Amino acid sequence: MTKNIDNYPKYLEQYKSTFEPIFAEAKRVSDFNLILSLIAVRGASDAGWNAFDNTLDVFNELYIQNDKFEYSLRINVHLWMYVHLVECSEHYELLANLIKSSKGEDYIIANNKNKDYVNLKVSQKIDRLKKIASGTNFKNVIEPFEDSFNSRLRNAIGHADYAIKQGSNGGVTVVDDSGFPMLFQTQEIDNYINKAMALHVAIRQLRDEYIGHYKKSITIKSSKSFGGNEEIDVTLIVRKSHGVIGIRCIGGYDLGQPFETRLVKAFPDEMSLINDGVNELPEKE
């Protein structure tokens, strides 16, 4: 039986080379909007409300536990993870905001909702990202997403219209309402799973790298719209050996007294330090 080729390293290198210039240009144009895009604060919340943190955690746990799974379970878990990763909204949101930042536009909390604030389908997210990248040098941003997404495979996994076929002609069989039953052979399945994983890892590695650029608490200028038609001073909140986790600034005045505005993603035990005015937090063990 022919052994499958592991194409993951090739995909990871390819996707990082596609995404890295977008991160670099966003940083060149606006540290402020880059940082907002990286930390992606979408409202006041405590621990357990960050969906992307859950994606990062489950991906890490799957990697650690992978060798414990028997063949059929391992393939099924990888397929479920495939759907999770191709659907993951934060991948699209982060790149959309970085491209907008590179064009001089401000960070917004949701790029992939329709007029009723309902999440878009994967094909619609790809189309929207394509429109956002139109007129820039980053039109190829959609290629990793298109490359890793197969709508019939995704739907079959999501609706349990598939089975694992072992043997010399093994793979994933799909029996659904989209046409004749078909077989995705093992190499093809491996490629789709590896593409989705490579896309995720490329984004998270670049995200971590650019968060880590900000090692010290410094003061930067906000965008004019954030500052009420003027650029205002914004102080970075950073964690040692991690990087930026938030910003703080004078948000305005109440009866002549200044009040502070913060956008930060911190651990609960860090908030007392932040409340006391600490901007450089110790390393988390």
Side-chain angles (χ1 to χ4, degrees), residues 1-19 51-92 95 119-127 129 140-207:
M1 185 171 66
T2 304
K3 186 177 180 180
N4 288 349
I5 300 171
D6 181 9
N7 289 310
Y8 173 79
K10 176 181 72 175
Y11 298 143
L12 180 59
E13 181 181 1
Q14 176 185 336
Y15 297 166
K16 284 189 75 172
S17 68
T18 297
F19 296 144
F52 193 52
D53 280 350
N54 184 66
T55 295
L56 300 176
D57 289 345
V58 72
F59 186 90
N60 289 343
E61 189 64 23
L62 176 59
Y63 181 82
I64 293 169
Q65 302 292 338
N66 186 61
D67 289 341
K68 298 180 181 179
F69 302 143
E70 297 295 332
Y71 175 80
S72 179
L73 177 58
R74 184 166 66 250
I75 296 299
N76 275 284
V77 170
H78 287 183
L79 291 172
W80 301 335
M81 193 69 205
Y82 167 79
V83 173
H84 187 113
L85 294 178
V86 298
E87 291 279 358
C88 181
S89 295
E90 194 59 36
H91 294 157
Y92 302 90
L95 287 164
N119 216 331
L120 301 178
K121 297 178 180 179
V122 172
S123 59
Q124 294 172 317
K125 291 177 183 178
I126 293 173
D127 286 342
L129 193 58
N140 64 340
V141 66
I142 63 167
E143 292 176 3
F145 293 95
E146 291 179 328
D147 205 26
S148 60
F149 179 60
N150 182 292
S151 60
R152 190 172 184 185
L153 180 62
R154 176 256 173 255
N155 292 339
I157 298 166
H159 297 287
D161 292 330
Y162 75 96
I164 307 301
K165 185 177 187 296
Q166 300 190 41
S168 59
N169 191 32
V172 174
T173 58
V174 170
V175 183
D176 55 18
D177 297 327
S178 298
F180 290 107
M182 68 176 295
L183 171 69
F184 288 85
Q185 294 186 329
T186 55
Q187 181 69 68
E188 191 175 10
I189 288 296
D190 278 359
N191 287 345
Y192 275 120
I193 292 170
N194 281 327
K195 287 172 182 177
M197 290 196 301
L199 186 152
H200 171 71
V201 172
I203 290 174
R204 71 184 290 169
Q205 285 183 355
L206 288 166
R207 175 177 175 267

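Predicted model, so just to flag it, every value in this text is computed and none were measured.
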Taking C-beta and beyond as the side chain, do [X] and [Y] meet within less than 4.5 Å on heavy atoms?
X      : Y      : value
His84  : Phe59  : no
Ile193 : Met81  : no
Arg154 : Asn150 : no
Asp161 : Val175 : no
Val58  : Tyr63  : no
Tyr82  : Leu153 : yes
His200 : Thr55  : yes
Ile164 : Tyr71  : yes

> Do Tyr92 and Phe145 make the cut of ring centroids closer than 6.0 angstrom?
Replying inline: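 Yes, close enough.
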
>> Would you call the rings of Tyr11 and Tyr15 parallel, tilted or perpendicular, taking 30° and 60° as the class edges?
In response: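 Geometry flag for Tyr15 against Tyr11: parallel rings.
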
> Going by the angle between their ring planes, with limits at 30° and 60°, are His91 and Phe52 parallel, tilted or perpendicular?
Replying inline: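 Perpendicular, since the angle between the ring planes exceeds 60°.
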
How would you list, by chain and number, every residue that makes a side-chain contact (heavy atoms from CB on, under 4.5 Å) with [X], sequence neighbours excluded?
X      : value
Asp127 : none
Glu13  : none
Glu143 : Asn140

For the side chain of [X] and the backbone of [Y], is there at least one donor-acceptor N/O pair under 3.5 Å apart?
X      : Y      : answer
Arg74  : Phe69  : yes
Gln187 : Ile5   : yes
Thr173 : Ala163 : yes
Asn66  : Leu62  : no

[Y] versus [X], side-chain donor and acceptor atoms under 3.5 Å:
X      : Y      : result
Asn7   : Asn191 : yes
Lys121 : Gln124 : no
Ser89  : Lys125 : yes

> After noting the C-alpha distance and the side-chain angles of Lys165 and Val172, does the key distance pass the side chain to side chain contact (heavy atoms under 4.5 Å, CB included) rule?
Replying inline: CA-CA 6 Å; Lys165 185 177 187 296; Val172 174; over 6 Å; no

> From Leu129 CG over to Ile126 CD1, what is the distance, rounded to the nearest 0.5 angstrom?
Replying inline: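 It is 8.5 Å, given to the nearest 0.5 Å.
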
> Is there a side chain to side chain contact (heavy atoms under 4.5 Å, CB included) between Asn155 and Asp176 once you walk through the steps?
Replying inline: CA-CA 9 Å; Asn155 292 339; Asp176 55 18; 5.8 Å; no

